[in-house]
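Beneath this line is the structure, given in structure tokens, with notes to follow.
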Protein chains: 2
Amino acid sequence: MPRSPGRPVPEAERPLRADARRNRELLLTAAHEAFTEHGADASLDDIARRAGVGIGTLYRHFADRDALLVATLEERLVALRDKGRALLETPDAVDAVVAWMKVLIKHLTTYRGMVGTISAGLHGVSAACEQVKETGAALLSRAQAAGEIRSDIDHDDLEALAVAVAFTGQQPASDPARARRMLTVIIDGLRVRAPGAK
Amino acid sequence: MPRSPGRPVPEAERPLRADARRNRELLLTAAHEAFTEHGADASLDDIARRAGVGIGTLYRHFADRDALLVATLEERLVALRDKGRALLETPDAVDAVVAWMKVLIKHLTTYRGMVGTISAGLHGVSAACEQVKETGAALLSRAQAAGEIRSDIDHDDLEALAVAVAFTGQQPASDPARARRMLTVIIDGLRVRAPGAK
DNA sequence: TGCGAAGCGGAGGATGCCTCCGTATATGAA
DNA sequence: TTCATATACGGAGGCATCCTCCGCTTCGCA
């Protein structure tokens with residue numbers, strides 16, 4: 001059942017052909033390896049080679065480096081969401097927000113030198129993205145409603161702060177102790193001042 | 001007065017030949033333009049072309065992209081130091097630290113997408129680098145001695161926090177209001193809790 | 001079994017980084 | 001001034017990467 005030659009993928013999800021599905025998986029696995037090993041410097045040609053696939057095939061599946069990265073992280077987003085949901089069940093609202101930030105930071109540092117790109121990937125349109133954001137927003141709201149976290153920030157701010165810690169933690173000159181101190185400073189800044197404080 | 005063919009520059013500062021000095025200046029000017037225009041994506045070949053100089057000449061003066069960037073920023077470091085010294089004369093220690101952070105952030109965002117590299121350049125060995133760090137450290141100590149800024153952080157931490165704000169402020173999804181909020185949160189986190197606070 | 005859509009592969013153009021080395025020039029000494 | 005030589009210049013070209021294009025192959029439905 002042919003189709004008019006509209007160049008790229010039609011639009012809606014069309015079931016992939018069996019070989020295409022297989023190659024897609026091979027590419028994602030190879031990409032994960034390569035990104036893990038070389039971070040932002042991973043070569044797309046190399047990824048195609050690792051996957052045992054032509055470079056043209058890689059580009060048929062993923063428009064560019066970013067698209068490939070986003071796809072690679074997609075399933076991790078689900079795990080992220082689940083961790084967030086679990087945190088919603090814990091009693092201490094502030095502790096939960098702190099834990100959530102740590103989880104975000106870990107996600108953002110999945111691959112070296114890609115904090116910016118991974119962060120951009122969090123603002124995508126996939127269902128997983130939405131759910132991650134919803135979950136995080138719920139965690140934040142809970143702590144704000146309890147009057148423990150300042151109310152003049154939103155979840156995007158929280159994300160930006162996580163990006164900040166993640167980025168500096170990945171600088172060559174950084175050390176884990178400093179990263180911990182940074183997070184402490186930020187958390188303290190997020191807390192509502194106790195009554196009587198200046 | 002010839003010299004044995006020790007490949008690179010001898011070691012100590014040797015006076016440059018007149019043409020070399022001129023070309024060096026041309027390169028720095030061209031580099032500043034190119035970095036301003038294209039940020040991290042500026043091409044070194046293009047910089048040489050703008051300077052009206054062969055690519056070999058560029059590499060004779062600057063070992064690689066980072067060396068060129070550092071040289072480009074060198075004179076700005078002096079300005080940075082001077083601003084810091086001026087702040088040391090202002091009365092409010094905390095305000096001075098806040099202003100210092102803003103100055104640092106501005107410096108780090110001189111060129112787009114180069115926060116990491118510019119930050120690394122702050123840790124160099126030039127006199128200007130040292131003086132910038134000394135000045136910043138003095139500003140921080142003053143506020144800490146006054147009991148207004150937490151004492152468990154050092155100037156490298158302050159720098160890391162500036163890097164954090166600078167980086168997130170340069171993300172495509174960022175907006176100035178968020179950057180301002182981030183800085184507020186961080187400053188609040190840096191303040192010593194007023195007595196009576198939890 | 002056959003046909004058309006979907007997918008594959010890789011050659012090759014474009015760009016960027018950097019090295020190498022033959023040539024040109026500035027500079028101090030005579 | 002002239003000369004010798006260290007210093008500096010220029011750019012061709014090797015290598016890597018990204019990405020496009022298009023002829024060939026394979027899948028899957030009828």
Side-chain angles (χ1 to χ4, degrees), chain A residues 1-28 30-31 34-35 37-71 113-114 117, chain B residues 1-28 30-31 34-35 37-71 113-114 117:
Chain A
M1 186 188 305
R3 180 185 283 282
S4 68
R7 272 316 209 64
V9 198
E11 49 187 271
E13 315 261 334
R14 187 172 23 76
L16 288 177
R17 238 168 61 172
D19 51 349
R21 206 174 329 120
R22 187 168 4 106
N23 284 333
R24 200 186 130 90
E25 285 311 313
L26 288 171
L27 280 166
L28 286 176
F35 285 142
E37 217 165 298
H38 300 114
D41 298 328
S43 138
L44 297 195
D45 282 323
D46 177 51
I47 289 174
R49 222 173 302 129
R50 285 181 193 233
V53 142
I55 185 66
T57 300
L58 185 152
Y59 281 100
R60 158 161 279 262
H61 285 278
F62 308 101
D64 56 19
R65 174 186 220 77
D66 285 6
L68 176 55
L69 177 72
V70 167
M114 308 188 97
T117 319
Chain B
M1 189 187 304
R3 181 186 281 283
S4 68
R7 273 313 211 60
V9 198
E11 50 187 270
E13 316 260 335
R14 186 173 25 76
L16 287 177
R17 237 168 62 173
D19 52 350
R21 205 174 331 118
R22 186 168 4 105
N23 283 333
R24 199 186 130 91
E25 286 311 313
L26 287 171
L27 281 166
L28 286 176
F35 285 142
E37 216 165 298
H38 300 114
D41 297 328
S43 138
L44 298 196
D45 281 322
D46 177 52
I47 290 174
R49 221 173 301 129
R50 285 180 192 234
V53 141
I55 184 67
T57 301
L58 186 152
Y59 280 100
R60 157 161 279 263
H61 285 278
F62 308 101
D64 56 19
R65 174 186 220 80
D66 285 6
L68 177 56
L69 177 71
V70 166
M114 307 188 97
T117 319

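These numbers were taken from a predicted model, which means no experiment stands behind them. Every heavy atom of this structure was used, including side-chain atoms; hydrogens, water molecules and symmetry mates were not. Letters go in sequence order (proteins before strands), and every chain restarts at 1.
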[atom1] of [X] to [atom2] of [Y]: how many Å apart, nearest 0.5 Å?
{"X": "A:M114", "Y": "A:L69", "atom1": "CE", "atom2": "CG", "answer": "4.5 Å"}
{"X": "B:H61", "Y": "B:L26", "atom1": "NE2", "atom2": "CG", "answer": "9.5 Å"}
{"X": "B:L68", "Y": "B:R24", "atom1": "CG", "atom2": "CZ", "answer": "9.5 Å"}

Can you identify which nucleotide, out of D:dG28, C:dC8, D:dC19, has its nearest atom closest to the A:A18 side chain?
D:dG28
Please figure out whether B:A63 or B:R21 has its closest DNA chain C nucleotide nearer the 5' end.
B:A63
Judged by nearest nucleotide, the residue sitting upstream toward the 5' end of DNA chain C, B:R22 or B:G56, is B:G56
Find the distance B:L58:CG to C:dC17:P and express it as a whole number of Å.
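For the pair B:L58 CG and C:dC17 P, the rounded distance is 10 Å.
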In whole Å, I'd like the distance from the CZ atom of B:F62 to the P atom of C:dT19.
15 Å
OP1, OP2 of D:dA8 versus side-chain N and O of B:N23: anything below 4.0 Å?
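So the side chain of B:N23 is outside the cut-off, no N or O lying under 4.0 Å from OP1 or OP2 of D:dA8.
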Residues in residues 44-53 of chain B with a heavy atom under 4.0 Å of DNA chain C, by number, are B:L44, B:D45
Would you say the side chain of A:R17 and the base of D:dT26 hold a donor-acceptor pair, judged only by whether the two atoms sit under 3.5 Å apart?
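Between D:dT26 and A:R17, which were checked side chain against base, a qualifying N/O pair under 3.5 Å is present.
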Check every strand shown and say whether B:T57 touches a base, only sugar-phosphate, or nothing at a heavy-atom separation below 4.0 Å.
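If one applies the 4.0 Å heavy-atom cut-off, B:T57 turns out to touch a base.
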